[in-house]
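Excluded from the calculations below are hydrogen atoms, water molecules and symmetry mates; all remaining heavy atoms, backbone and side chain alike, are included. Convention: sequence-line order gives letters A, B, ...; per-chain numbering from 1.
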Amino acid sequence: MAGKRLQSIRGIHDGLPAEVLVWRHIEEVARKVFATYAFSEVRLPILEPTELFVRSIGEVTDIVSKEMYAFTDQGGDNICLRPEGTAGAVRAYLQGGLTRAGIQRWFYIGPMFRRERPQKGRLRQFQQIGVEIFGASGPLEDAEVLAMAHSFLSELGISELNLEINSLGCPACRPAYRDVLVSYLNKCAGNLCETCNARIDKNPMRVLDCKVEACQAELQNAPEMIHHLCTVCETHFSGLQDGLTALDIPYQINARIVRGLDYYNRTAFEIISDQLGAQGTVLAGGRYDSLIDELGGPPTAAIGFAAGLERLAMLLGEIRAAGVDIAIVALGEQVIPYSLQQSALLRQQGLSVVHCGGGSAKRQFKIADREGASFVLVIGEDEMLSGFITLKNMATGEQQQLTFDQLVRTVID
RNA sequence: GUGGAUGUAGCUCAAUGGUAGAGCCCCGGCUUGUGAUGCCGGUGGUUGUGGGUUCGAGUCCCAUCAUCCACCCCA
């Protein structure tokens with residue numbers, strides 16, 4: 001590393017060819033699987049009014065209060081780089097006048113921005129594959145959304161994942177549970193860590209997923225939301241489980257899954273890998289039936305999830321790049337124009353072609369080899385004058401004289 | 001925002017405070033139109049940056065930047 005270098009911003013990484021190959025594979029699988037569930041792709045703005053996230057995620061959350069790239073533009077408007085996709089999707093759904101257009105099933109793929117301290121699987125600019133359904137309220141849809149997430153990940157060939165589900169209740173039953181929980185927590189407050197104590201009043205449910213061992217020991221017998229659900233929520237939760245069972249999707253109930261945001265209700269879920277260290281959540285989501293209402297729309301049920309593209313990529317490892325179909329070896333200055341013409345003709349046939357740039361035969365063959373060429377087209381004066389083409393199969397070493405049409409057929413096979 | 005580890009060639013890494021090296025990669029050669037193996041040679045570094053201690057610093061100290069890991073938070 002010599003001298004001062006122009007560097008990318010901290011926590012913002014380049015997608016170089018090897019990595020993009022993996023991303024594209026993931027995206028292709030997502031598009032394919034989501035299409036089978038009749039989801040449509042949407043492309044939403046990266047810049048949004050800051051107000052959107054203040055109102056949806058909440059001003060007191062870490063994301064909004066310390067992690068957003070927010071600024072005032074030249075016109076004095078408060079705008080920010082989106083830290084997540086759901087709020088923008090809801091905004092677009094309302095702005096697009098789709099509230100009476102029936103159930104909307106959307107997905108999107110794109111960058112999100114949070115100014116956090118970078119870590120394994122946590123970048124300041126990262127990509128999410130997100131999914132939202134607007135206008136479907138039943139447990140059946142929850143089960144199908146989870147089934148879609150499940151088949152997406154298994155189609156990618158990622159195993160060793162755990163699906164954990166929970167119910168967060170609803171405005172009808174959560175307040176009562178909250179009181180029960182707070183009184184439990186207050187009883188053992190002396191044995192809980194500082195952050196837990198601070199949360200007892202602010203956000204008691206967050207105490208449940210504290211990582212401090214002493215706290216977890218103390219919380220062994222803490223009351224759990226799933227045992228305090230109202231009838232409607234309980235029916236919904238068992239409906240979800242029936243659906244998962246019918247679809248043969250393995251899951252575990254984890255009563256400690258919580259959400260920091262108030263608009264979440266009922267179903268919450270995470271798919272976790274134990275191979276990614278502390279940032280092991282590969283996909284997470286839940287139901288948010290009150291958000292659309294809160295953002296000024298008609299009361300509309302909604303559920304969604306988001307998966308981290310980079311985290312998925314880490315689980316997949318490298319993908320070998322496909323080599324080119326043909327490398328052109330041109331021998332002698334006088335055949336260069338002819339060799340360029342041949343390259344162009346082959347490309348018109350849809351083949352991928354690299355011209356090795358002339359020079360010694362050895363040099364050009366080395367280039368052909370490094371490009372992973374399946375075949376080499378040798379063009380010298382003999383070939384140019386005879387109209388025949390010398391084609392070498394790089395895997396077998398076999399070499400033959402062919403016409404252009406024969407060549408194209410050979411390579412395509 | 002807090003804590004810890006690490007920054008030496010394009011990459012992976014060496015170098016008791018005393019002349020900065022290896023392997024891989026890259027480039028060229030081993031007789032004129034044939035690669036992936038072999039042999040020979042070559043390019044490439046103000047040791048992240050800026051200060052300090054010392055006769056002398058890649059090595060010790062301070063600061064700064066970046067990366068990694070964890071906390072926090074979260075996909």
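B:A22 sits 14 Å from B:G44 when the C1' atoms are compared, rounded to a whole Å. When the C1' atom is compared between B:G21 and B:G45, the two are found 11 Å apart, to the nearest whole Å. Separating the C1' atom of B:A57 from that of B:A15 is a span of 13 Å, rounded to the nearest Å. B:U19 and B:G56 have their C1' atoms separated by 12 Å, with the value rounded to a whole Å. Look at the P atom in both B:G48 and B:U59: the space between them is 8 Å, to the nearest Å.
Between A:H228 and A:Y177, the two ring planes are tilted [angle within 30° to 60°]. By the 30° and 60° cut-offs, the orientation of the rings of A:F34 relative to A:F39 is tilted. Taking the six-membered ring where tryptophan is involved, the planes of A:F134 and A:Y93 are tilted, since the angle between them lies from 30° to 60°.
Residue contacts for A:G277: at a heavy-atom cut-off of 4.0 Å it reaches the sugar-phosphate backbone alone, with no base atom in range. Using a 4.0 Å heavy-atom criterion, one finds that A:L331 contacts the bases of the nucleic acid, with or without backbone contacts as well. Using a 4.0 Å heavy-atom cutoff across all strands shown, A:R114 reaches at least one base atom of the nucleic acid. At the heavy-atom level, A:V282 lies under 4.0 Å from the strands shown only through sugar-phosphate atoms. Across all strands, A:G304 comes closer than 4.0 Å to no nucleic acid atom at all (heavy-atom distances). Nucleic acid contact for A:A368: none, since no nucleic acid atom lies under 4.0 Å from a heavy atom of the residue. At a threshold of 4.0 angstrom between heavy atoms, the contacts of A:G121 include nucleobase atoms, whether or not backbone atoms are also involved. Within the nucleic acid shown, A:L123 comes within 4.0 Å of at least one base atom, counting heavy atoms only. Heavy atoms of A:E67 sit under 4.0 angstrom from primed sugar atoms or phosphate atoms, though from no base atom.
Judged by distance alone with a 3.5 Å cut-off, a donor-acceptor contact links the side chain of A:Q399 to the base of B:U34. Taking only distance into account, the side chain of A:E383 meets the base of B:G33 through a donor-acceptor pair shorter than 3.5 Å. Evaluation of atom-type donor-acceptor distances gives a pair under 3.5 Å for the side chain of A:R122 against the base of B:C72. With hydrogens and angles ignored, a donor-acceptor pair under 3.5 angstrom links the side chain of A:R117 to the base of B:U2.
Heavy-atom contacts from other residues, nucleotides or ligands closer than 6.0 Å to OH of A:Y69 number more than 12.
At B:G33, none of the side-chain N or O atoms of A:K362 fall inside 4.0 Å of OP1 or OP2 (strictly under the cut-off). When the side-chain nitrogen and oxygen atoms of A:Q128 are compared with OP1 and OP2 of B:A75, none of them lie within a distance under 4.0 Å. Between A:K392 and B:U34 there is no side-chain N or O to OP1 or OP2 distance below 4.0 Å.
The minimum heavy-atom distance between A:R287 and A:Y264, with the atom names listed, is O-CD2, 3.2 Å.
A donor-acceptor pair shorter than 3.5 Å can be found between the side chains of A:Q334 and A:E381.
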